[in-house]
Amino acid sequence: SGREIEYFGKLVEDLLLLSQVSEPHYSTDTEKIDISEIMTEEVEDQKIRNRNSDNKIDFKMVSPSQKIEISGNRVLFLRMLKNVFNNAVSFARQELKVTMSLLDAHHFEIVIDDDGPGFTDEQIKQFGSRKMSRQIIAQKDSKGGRLSIGLGSVVIKKICQLHRGDVSVENRLNEAGKVIGARVKLRFSL
């Protein structure tokens, strides 16, 4: 029952957010966002939350020395990061690596790698798309998995697009072609 209540609470929150940001006149160009600052803040928040977890995750962060700023909505950008990190942490076995890099003078990228089971082909194909049914997704430390309709990926994609960005997901493979984790790439224009 507790899981169901938490699930429906998050579902309502996600639906309200999506309806708000889908308005034709909605604008995110409200402030300058220091990407390094907000990433460090979210990684530290995840570390604190993870201290009380049974499965300790080792967080690694790589970032450029220069400051990266974009125009946007700090609250929404942080919400996007929380969704990405919460998903990655829930599936990671031992490690989560975050890499920020400038691709060129006009673009930067955030890559989140975990060492979990990776994505199914269907999850990769449907990432960021609304689905009409809910499903149980296996999770590393749960009994029976967790409920999901994939609305978190829709929120991630929508907020990313509002900030002149794009999101892609893929599996990380070793030399033998075996899945060794998942990768989420967030690319933005400066």
Note to self: Within the supplied structure, the quantity of interest is the number of heavy atoms (other residues, nucleotides, ligands) at a distance under 6.0 Å from Asp121 CG; does it exceed 12?
What the structure shows: no
Notebook entry, point to check: Taking C-beta and beyond as the side chain, do Ile35 and Ile110 meet within less than 4.5 Å on heavy atoms?
Noted result: yes
Check: Are side-chain heavy atoms of Gln94 and Asp58 found at a separation under 4.5 Å?
Finding: no
Note to self: Looking at Asp113 and Lys60, is any side-chain nitrogen of the basic one under 4.0 Å from a carboxylate oxygen of the acidic one?
What the structure shows: no
Next item on the list: Step by step, work out the side-chain contact (heavy atoms from CB on, under 4.5 Å) result for Leu186 and Asp166.
Entry: CA-CA 6 Å; Leu186 305 164; Asp166 190 30; over 6 Å; no
Notebook entry, point to check: To the nearest 0.5 Å, what is the distance between CD1 (Ile68) and CG (Leu102)?
Noted result: 4.0 Å
Item checked: Single-linkage hydrophobic cluster, 4.5 Å side-chain cutoff, Val75 and Phe77 together -> no
Notebook entry, point to check: Is it true that Arg74 and Glu31 have a side-chain N and a carboxylate O under 4.0 angstrom from each other?
Noted result: no
Next item on the list: List, by chain and number, the other hydrophobic cluster members for Ile48, where Ile, Leu, Val, Met, Phe, Trp and Tyr join if side-chain heavy atoms come within less than 4.5 Å, directly or indirectly.
Entry: none
Check: Which heavy atom of Arg164 sits nearest a heavy atom of Ile70, and at what distance?
Finding: NH2-CB, 4.3 Å
Check: Are Val98 and Val111 close enough that some pair of their side-chain heavy atoms sits under 4.5 Å apart?
Finding: no
Note to self: Can you confirm whether Val62 sits close enough to Met100 that some side-chain heavy atom of one is under 4.5 Å from a side-chain heavy atom of the other?
What the structure shows: no
Margin query: Looking at every heavy atom in both Gly152 and Asn83, which two are closest together, and how far apart are they?
Written below: O-ND2, 3.5 Å
Margin query: I'd like to check Ile112 versus Leu96 (side-chain heavy atoms, cut-off strictly below 4.5 Å). Are they in contact?
Written below: yes
Item checked: Linked, directly or transitively: Ile124 and Val84 (ILVMFWY side chains, under 4.5 Å) -> yes
Checklist line | Sub-4.5 Å side-chain heavy-atom contact between Leu190 and Phe108 | finding: yes
Checklist line | Side-chain touch Cys160/Met80, heavy atoms, less than 4.5 angstrom | finding: yes
Next item on the list: Working to the nearest 0.5 Å, report the span between NZ of Lys97 and CZ of Arg172.
Entry: 8.5 Å
Check: CD/Glu41 to OG/Ser36 distance, rounded to the nearest 0.5 angstrom?
Finding: 12.5 Å
Note to self: For Glu42, is there an ion pair with Arg79 - N to carboxylate O distance below 4.0 angstrom?
What the structure shows: no
Item checked: Nearest heavy atoms of Asn86 and Gln46, plus distance in Å -> OD1-NE2, 2.9 Å
Check: Do the charged groups of Arg183 and Glu170 touch, with an N to O distance under 4.0 Å?
Finding: yes
Item checked: Nearest-0.5 Å distance, CG of residue Asn73 to CD1 of residue Ile33 -> 6.5 Å
Margin query: Are the side chains of Ile38 and Leu78 in contact, using a 4.5 Å heavy-atom criterion?
Written below: yes
Checklist line | Salt-bridge criterion met for Arg93 and Glu95 (N-O under 4.0 Å) | finding: no
Next item on the list: With rounding to the nearest 0.5 Å, note down the distance linking NZ in Lys67 to NZ in Lys32.
Entry: 10.0 Å
Check: Looking at Val184, Leu81, Asn87, which one forms a side chain to side chain contact (heavy atoms under 4.5 Å, CB included) with Ile156?
Finding: Asn87
Next item on the list: Apply the test salt bridge (Lys or Arg N to Asp or Glu O under 4.0 Å) to residues Arg187 and Glu109: give CA-CA distance (whole Å), side-chain angles for both, the deciding distance (0.1 Å), then the verdict.
Entry: CA-CA 4 Å; Arg187 292 184 179 173; Glu109 179 178 71; 2.4 Å; yes
Next item on the list: First locate atom CG of Asn50, then atom CD1 of Ile57, and finally report the distance between them rounded to the nearest 0.5 Å.
Entry: 5.5 Å
Check: Under 6.0 Å between the ring centres of Phe91 and Phe119?
Finding: no
Notebook entry, point to check: What's the shortest heavy-atom distance between Pro117 and Val179, and which atoms?
Noted result: O-CG1, 3.4 Å
Check: Does Gln126 reach the main-chain N or O of Gln123 with its side chain, forming a donor-acceptor pair under 3.5 Å?
Finding: no
Check: Between His107 and Phe188, does the ring centroid distance fall short of 6.0 Å?
Finding: no
Next item on the list: Return the minimal non-hydrogen interatomic distance between Ser71 and His163, and the atom names on each side.
Entry: O-CD2, 4.0 Å
Next item on the list: Locate the shortest heavy-atom distance separating Ser129 from Ser153; write the atom from each residue and the value.
Entry: N-OG, 4.5 Å
Next item on the list: Using side-chain hydrogen bond (donor to acceptor under 3.5 Å, both in side chains) as the criterion, list what pairs up with Lys185, not counting sequence neighbours.
Entry: none
